[in-house]
Structure formats: C-alpha cells, structure tokens
Amino acid sequence: MKLISIYKDGVELAYIRDTLSLKVDTSLFPDTLRFVSNEFPFLIINNAQTDQLFGLNDISVDSSPYYDVTIVTSEGSIPGELQVLESFGDYRKCNVRFASKLFAESKKKIRDLMPVISVNNANPPLPYSDKYEGVPPAPTYYQDYVDSVRKGTFPNQLWTAAMISFPTKNGDYLKEDDKWYKYCRYLNGRNGEGNYYLNILEDTPEGGEVHNINVPSWNVFLLTPLKIICSNVGLKFPENLLNNPFATALAFYSSETNLTEVTSGSDKNNIQFDRWNWSFIANNTDPNKPSWKKEFNLNIKKAGKYSINYKFKAFNNRYRIAIESFNGIEPSNPDEFFIEEKEFYNREEIFDNSFEFEVTQENINRDRRYFFVVRAFKPEDPFEIDHIYSNNILFKPGYMFHPTIELGRYLPDWTVGDYLDQLRLLFNIQFRESENNTVLEVEYNDREISHIDYVDLGSIYLPSFQKNEITDLVLKFGNEIDPKLYVNKESITDKRITVEDKTKLIENKFKHIPSMLTESSDKKDGIGLVLLTSSNDMPVSTIGTENFTMNSIYRHYYKHSMEAYLQSNRLKIEHSVTIFELNEIQLKRKVLINKRPYLVLELTKESTGDLIDIKLSLLPLK
C-alpha cells in the first residue's frame with residue numbers, strides 16, 4: 001500500500017516504496033511551521049518519463065534540483081516540493097515535502113494580499129505617496145469611507161479606523177506656531193458628536209493654510225489575511241477561530257498613516273509645450289539672448305508665492321529659461337526672474353529644476369502678468385518632456401488625507417508562512433485541512449490535550465522511557481520591555497527563575513499596546529495588536545475574560561499543554577497499523593497504550609506491505 005502518489009505535470013512518478021518513510025510533526029511548541037516530509041532520501045525510478053520530466057540523467061545536463069509536484073494522499077490532493085539530490089544508474093535520490101493548500105502559499109507576502117482602495121473611486125487608484133502634488137480630493141470623501149467601515153468586527157469588517165489615544169504623536173507641549181498645534185490627540189480622532197475630524201485647506205489673506213487636526217490610520221483585523229488566503233486557495237475558514245470572540249476582535253496596530261504632505265495649492269497650471277509655436281524676436285538687441293522663444297501665460301490671479309517646475313530632455317541647442325513679468329502691452333524690456341541657461345550643442349542635456357517667486361497684491365491690482373519663457377537659438381522642442389507646470393505655494397503647508405488607502409502598508413512585512421507561524425504561537429494552535437482539503441480546521445492544543453478521544457493500540461511492551469530535559473518554559477512578546485512569563489512545575493511568575501540550558505523559549509513577534517500610546521510604546525520592538533468591538537470606536541482592554549497580556553494568553557491558550565509538556569518522561573514505540581488506524585491517529589493525535597493516554601508528538605510512517613509501520617514519539621498525559 002502506497003502512502004502517497006507523486007505527480008509532476010499530471011504524470012505519476014514511479015518510486016521504490018520501501019525507501020519512502022514519511023515524518024509528521026505534531027509536537028507541542030515547535031520552533032517553526034512543520035511540513036510533512038520524508039525522514040530519509042528515497043529513490044525515484046529512472047525511465048523515459050522521468051527523463052522527460054526532469055531532464056536526462058547526464059552530468060552535462062544542468063537541471064534545477066527543485067520541482068513543484070502534486071501529492072495525493074488518502075485525504076486528498078495537495079501541492080508539494082520535490083528535491084532531486086543525486087542522479088545515478090537506474091534511480092534518482094530525492095526528498096519531498098508537503099503540508100496543505102494553506103502552506104503552499106507560505107512564500108507569498110501578506111501585504112500583497114490586501115486590496116488598494118480609492119476613496120474617490122479613481123480608476124486606477126493614484127499610488128499612495130507621503131507627498132501630494134497639488135491638493136487631495138475633498139476630505140469628506142475620506143470621511144465617508146471611514147464611516148462606512150466604522151461599525152462591526154471580523155468577519156463583518158475586515159479593516160477599520162480605530163480611534164486610538166496618542167497625545168504626543170506630534171510632540172509635547174505644542175505652541176500656537178507649531179504646525180500640529182490643533183492636533184486632536186488621537187489617531188482617527190472624532191468629536192463629541194462622533195464626527196471624524198478633517199484636515200482642511202483654508203484660503204486666508206496671506207495664502208492657503210492647512211489645518212493639521214487628525215492623523216488617519218488603519219487597523220486590519222488579525223484574521224483578515226487568513227480569510228483572504230482561504231478564499232484564494234478554496235478553503236472554508238476555520239470555525240474554531242470564527243467562534244473565538246477574542247481572536248475576531250484583535251486588529252493590527254501600525255505606525256503608518258494615510259497623511260500626505262501638501263505644499264502647493266489647487267491652481268496647478270500644466271504647460272503643454274508642444275502645442276505652442278516658436279516665435280522669432282526680430283528686435284532682439286542682445287546677441288547673448290537667443291532670438292526664438294516660447295512663452296506661456298501662468299494666469300496668476302491672486303497674491304502669494306508660486307513655483308515653476310519642469311523636467312525635460314533637449315538636444316543640440318541653447319536654452320535660456322526665465323519668468324517674465326509685465327503689465328498692459330508687452331514692453332521691450334519686461335522684468336525677468338532668470339532661472340537657468342545651458343548651451344548643449346551636439347549633445348543631450350537634461351533640464352530638471354524648480355523655481356519659486358512671489359507675487360504681491362500690488363502687482364495683482366496693477367494687472368501684472370507672469371509668463372514662463374523658454375528662449376532658444378534654434379526653434380526646436382525638447383524631445384522628451386516629463387513635466388512642466390506652475391502652482392501656488394501654500395502660506396502654511398501641512399498634511400491632508402491621501403485618497404488612496406494601500407491596506408498592505410498597515411501589515412507587518414511577513415510572508416504567509418511568518419503570519420501563520422505567529423497565529424500558531426499566539427493561540428497555541430495546529431492547522432489541519434479536512435474533507436478532501438476543502439475545510440481548514442484549527443485545533444487548540446490546550447483544549448485538544450484534555451479531550452478524551454484516543455486510538456487504542458492495546459498492550460505494547462515498553463522497555464524504557466526517555467527523560468525530558470526541559471524544566472522551564474518562557475512565554476514572551478517580541479521585545480525585552482513587556483513582561484515575560486516563567487513557567488515550571490512549581491510556579492508561574494513574571495520574575496526570572498529559569499536555568500538557561502533547561503529552558504524552552506516561546507516567543508511571538510507581537511507587543512503590548514497601552515490604552516494611551518506614548519512614543520516609547522510606539523517604537524518598542526514587536527507588532528502591536530488592539531482589541532476592537534462593534535460598539536466602540538476606541539480599543540477596549542478585555543473581551544470577556546481575555547486581554548492581550550502574557551498572563552491571559554497563558555491561562556486561555558497554554559496552561560494545560562504546558563503542564564503536560566513539563567512531564568519528565570517521553571516514550572518512543574514502533575507498531576504496525578491499518579490505513580484506517582493511521583488516519584485515526586493523525587486525526588485524534590492521542591493514543592492509548594496499556595490503557596494509559598499519550599499525546600502524539602511525532603509520527604513516522606512507511607509502507608512495506610498490507611500494514612503500515614509507524615514510529616511514534618509520545619508524551620504521557622494525566
């Protein structure tokens with residue numbers, strides 16, 4: 001009886017069944033996510049199909065050692081990876097590993113799974129940038145979107161904008177001339193009536209002024225990436241997580257914001273250089289000034305500071321660039337703001353510059369006009385224009401809301417494998433796919449270890465027990481500031497009591513977030529999580545009896561499994577079982593031997609006949 005069938009490009013590979021021994025790791029507190037893999041290299045038979053799929057078995061042929069394959073087990077079909085270690089004679093020595101549809105996604109980035117949202121329905125959305133060219137769309141667009149996802153938790157909402165207290169986000173003891181003096185002291189702040197504070201641009205006699213009041217940010221629910229992954233690979237989301245109010249209330253906290261710096265107003269004037277003709281200056285009396293020119297009216301109607309910005313390439317000419325100003329009919333000698341001049345005969349030149357100038361109210365009253373002027377010795381356009389535009393400069397620049405929300409920015413830079421590993425560490429869980437790999441199930445180790453549901457293997461002679469060398473366990477967040485929890489048979493404390501060489505560390509990558517953020521809590525290592533409810537814009541400290549502290553995580557997700565893990569004895573046995581018994585052992589993860597219960601930490605299986613030979617590494621249960 002074959003344990004698995006291996007297919008590449010729809011073709012089944014022939015292998016020597018006696019050489020394949022598969023190892024399944026279901027241990028408590030493994031260091032990383034576990035795949036099903038072979039215990040020792042096994043042999044694939046060389047034949048015409050093998051040569052076609054993997055290339056000729058020849059030293060002159062350079063072929064990849066890794067191949068995507070499909071593994072068919074008694075439970076269904078799943079992706080896998082085959083590694084060719086060595087080719088010789090009639091065989092190829094190989095390794096194989098596989099786990100599930102879920103783990104097949106493990107190398108993807110969770111940031112790449114998230115959608116990009118345009119609050120003003122731009123298609124395609126303008127890419128997010130921390131600097132904005134001009135003025136973003138009316139902030140009410142942003143407010144409306146925030147309000148649309150305001151109420152509800154996962155799975156009814158997949159992300160939200162929680163109101164998080166952070167009084168010193170933009171500095172302590174702000175004075176009236178500080179740009180963030182009007183800051184509302186919250187991320188995603190709201191007023192007493194529940195209205196979202198808006199950062200707005202106001203026209204004043206001195207020019208445009210941005211009022212910096214609110215800091216927009218986003219909180220993606222912790223389980224949202226898992227929901228997207230399940231949807232992408234065709235798995236039903238695990239009910240055990242969906243029915244966990246604490247897990248569904250957790251959302252990522254991120255230091256990222258959706259602010260964008262605004263320095264110029266909405267009077268942007270794009271100059272279409274190629275739509276105008278060159279004109280010859282017949283009365284040019286200055287031989288140093290080129291006699292051909294293009295000029296563009298900047299249509300300035302109000303006082304303030306302005307800038308001209310351009311970037312283009314030109315060839316084999318001489319350009320002189322300036323702003324010219326006059327009132328009424330053009331005089332022979334207009335006022336000039338000289339910008340730059342370059343001579344570039346028989347070569348290419350790049351012009352890339354920004355120039356600022358000021359227009360007074362007196363000049364506006366006198367109907368003074370301003371022109372962007374390019375003079376040339378030859379009437380030839382630049383051959384590549386990136387941009388040429390003018391705009392007014394704000395009297396008081398500031399920060400407004402970018403209309404594009406790239407939700408991936410608010411997630412840690414993790415792969416899917418990293419993410420699944422952190423869920424495993426946080427909740428002390430194992431992932432399993434069932435019903436022909438269509439349903440994702442989550443097993444809480446702390447609950448499963450107490451369930452009375454075993455596979456009875458009858459009476460087996462037990463010659464000896466191994467001893468567990470670990471006497472102490474340490475639970476900690478991903479930094480050295482948040483309290484750790486030290487656990488051994490005698491005590492549970494946040495005071496250091498462990499012996500290093502007998503200690504196992506269980507460390508996740510998260511951090512504790514206080515109800516009022518400070519600069520130090522924001523910057524400490526780890527990924528923050530907050531608890532959100534459908535009835536409150538602000539994070540809460542508890543959901544039922546659970547909170548995001550190491551003591552609470554221990555009580556709800558680690559207590560029973562840690563007590564079992566610290567048992568001093570371990571057991572290893574060898575046995576032969578039917579395929580039905582094997583599937584039951586893999587499902588229940590617990591066996592009875594001599595009427596005593598054990599938890600299966602590791603299972604190795606190989607098929608040499610009608611029965612399957614297994615090796616079990618076992619943990620005694622009370």
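Scope of the values below: all heavy atoms of this structure, side chains included, with no hydrogens, waters or symmetry mates. Throughout, residue positions are numbered sequentially from 1 according to the sequence presented.
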Do [X] and [Y] get their side chains close enough for a donor-acceptor pair, meaning under 3.5 Å?
{"X": "S521", "Y": "H512", "result": "no"}
{"X": "N428", "Y": "Y554", "result": "no"}
{"X": "D472", "Y": "N488", "result": "yes"}
{"X": "S434", "Y": "E441", "result": "yes"}
{"X": "N547", "Y": "T549", "result": "yes"}
{"X": "S118", "Y": "N121", "result": "no"}
{"X": "D522", "Y": "Y253", "result": "yes"}
{"X": "E406", "Y": "Y128", "result": "no"}

Got a sec, which residues hit salt bridge (Lys or Arg N to Asp or Glu O under 4.0 Å) with [X], two or more places apart in sequence or on another chain?
{"X": "R409", "answer": "E256"}
{"X": "E443", "answer": "R589"}
{"X": "K93", "answer": "E86"}
{"X": "K524", "answer": "D482"}

**Request:** For N569, enumerate each residue passing the side chain to side chain donor-acceptor pair (under 3.5 Å) test, keeping only those at least two apart in sequence or located in another chain.
**Result:** K467
Only pairs under 3.5 Å count here: list side-chain donor-acceptor contacts from residues 237-247, not counting sequence neighbours, and write none if there are none.
| unit_1 | atom_1 | unit_2 | atom_2 | d |
| --- | --- | --- | --- | --- |
| N240 | ND2 | V442 | O | 2.7 |
| N243 | ND2 | E239 | O | 3.2 |
| N244 | OD1 | F246 | N | 3.0 |
| N244 | OD1 | A247 | N | 3.2 |
| N244 | ND2 | Y444 | OH | 3.1 |
| N244 | ND2 | Y557 | OH | 3.0 |

**Request:** State yes or no: are the ring centers of F252 and Y410 separated by less than 6.0 Å?
**Result:**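 Centroid distance F252-Y410: not below 6.0 Å, so no.
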**Straight-line distance of L28 CG to L601 CG, nearest 0.5 Å** =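 L28 atom CG to L601 atom CG measures 6.0 Å (nearest 0.5 Å).
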Expected list for residues 450-463: side-chain donor-acceptor pairs under 3.5 angstrom, two or more places apart:
| unit_1 | atom_1 | unit_2 | atom_2 | d |
| --- | --- | --- | --- | --- |
| D453 | OD1 | K588 | NZ | 3.3 |
| D456 | OD1 | G458 | N | 2.8 |

**Message:** Strictly by side chain to side chain donor-acceptor pair (under 3.5 Å), give each pair with a member in residues 217-237 just once, sequence neighbours left out.
**Reply:**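 The answer is Y142-W218.
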**Prompt:** Which residue pairs pass the side chain to side chain donor-acceptor pair (under 3.5 Å) test with at least one member in residues 153-164, sequence neighbours excluded?
**Reply:** Y145-W159
**Item:** Whether F510 and F548 hold their rings parallel, tilted or perpendicular, with breakpoints at 30° and 60°
**Value:**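 The arrangement is perpendicular - the two ring planes meet at more than 60°.
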**Message:** Tell me every residue that passes side chain to side chain contact (heavy atoms under 4.5 Å, CB included) with V540, counting only those two or more places apart in sequence or in another chain.
**Reply:**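 Partners of V540 under the side chain to side chain contact (heavy atoms under 4.5 Å, CB included) test: L531, T533, N536, I543.
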**Prompt:** Which pairs pass salt bridge (charged side-chain N to carboxylate O under 4.0 Å, His left out) with one or both residues in residues 3-16, sequence neighbours excluded?
**Reply:**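 Residue pairs passing salt bridge (charged side-chain N to carboxylate O under 4.0 Å, His left out), neighbours aside: K2-E12.
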**Message:** Quick test of your reading: applying salt bridge (charged side-chain N to carboxylate O under 4.0 Å, His left out), list the pairs with at least one residue in residues 593-607, sequence neighbours left out, ordered by first then second residue.
**Reply:**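 Those involving residues 593-607 do not exist here.
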**Prompt:** Considering residues, nucleotides and ligands other than D18, do more than 12 of their heavy atoms fall under 6.0 Å from its CG?
**Reply:**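 Yes - once you tally the heavy atoms of other residues, nucleotides and ligands closer than 6.0 Å, there are more than 12.
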**Message:** Give me the atom names and distance for the closest heavy-atom approach of A564 to L621.
**Reply:** CB-CD2, 4.1 Å
**Request:** Before accepting this row, confirm whether a basic side-chain N of the pair D525/K511 lies closer than 4.0 Å to the acidic partner's carboxylate O.
**Result:** no
